[in-house]
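Worksheet for the structure shown next.
Owing to the predicted nature of the structure, the values given are computational and were not obtained by experimental measurement.
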Amino acid sequence: MPEHKMVTIDGVRYRPEDAERARARAGARAGALTVADAHLPGSKTTDPGADDGPGDEGAGGFDPAEHTILQVMAHLAESDEEETARVLDAETAGEGRKGLVDRRAELLEEARKRGAPGGGA
């Protein structure tokens, strides 16, 4: 069996090069991950050739199973409530990563606020 080098912090799996930043966020009780936070400079989670924003959903839509948790969080940071619910449903039915599934209510509330008149994160 291959050895996995992922680091788990508060139920979220990170690549080793992202672990220090994740520990700092966890220790500081930082709020929700933003798009800027999700794309860590110099890490493999940043893919300048791919734009997985809400406008780049393709025929089947954004599939969380094909992305890291940071990339899913970046997508959700810009998604409306309907898209957020769809992605979280797909995550629950698929991999069911604790860092996403356990934050469902919080992520949906943030999406609701973004969609409200005068709202915005």
For this session: Answer whether the closest heavy-atom distance between the side chains of L88 and L76 falls below 4.5 Å.
Result: yes
Seminar exercise, completed: With sequence neighbours left out, the residues meeting side-chain hydrogen bond (donor to acceptor under 3.5 Å, both in side chains) with R112 are E81, E109
Seminar exercise, completed: The reported gap from CG in L100 to CD1 in I69 (rounded to nearest 0.5 angstrom) is 4.0 Å
Seminar exercise, completed: Here the gap from E66 atom CD to Q71 atom CD, rounded to the nearest 0.5 Å, amounts to 10.5 Å
Seminar exercise, completed: A85 and L108 have their tightest heavy-atom pair at N-CD2, 3.7 Å
For this session: Write down the atom of F62, the atom of V87, and the distance for their closest heavy-atom approach.
Result: CD2-CG2, 4.0 Å
For this session: Might you work through the side-chain contact (heavy atoms from CB on, under 4.5 Å) test for H67 and M73, ending with a clear yes or no?
Result: CA-CA 10 Å; H67 301 279; M73 292 296 289; over 6 Å; no
Seminar exercise, completed: In short, T84 meets A111 closest at the heavy-atom pair OG1-CB, 3.5 Å
For this session: Taking the side chain as every heavy atom from C-beta outward, state whether R86 and E83 have any atom pair closer than 4.5 Å.
Result: yes
Exercise. Sequence neighbours excluded, which residues qualify as side-chain hydrogen bond (donor to acceptor under 3.5 Å, both in side chains) partners of E95?
Worked result: none
For this session: Kindly determine whether R104 and D89 satisfy salt bridge (charged side-chain N to carboxylate O under 4.0 Å, His left out), including the steps that lead there.
Result: CA-CA 9 Å; R104 180 182 182 91; D89 288 344; 2.9 Å; yes
Exercise. Can you list the residues that meet the salt bridge (Lys or Arg N to Asp or Glu O under 4.0 Å) rule with D80, with sequence neighbours excluded?
Worked result: none
For this session: Could you tell me whether a side-chain N or O of E91 sits under 3.5 Å from a main-chain N or O of R97, the two making a donor and an acceptor?
Result: yes
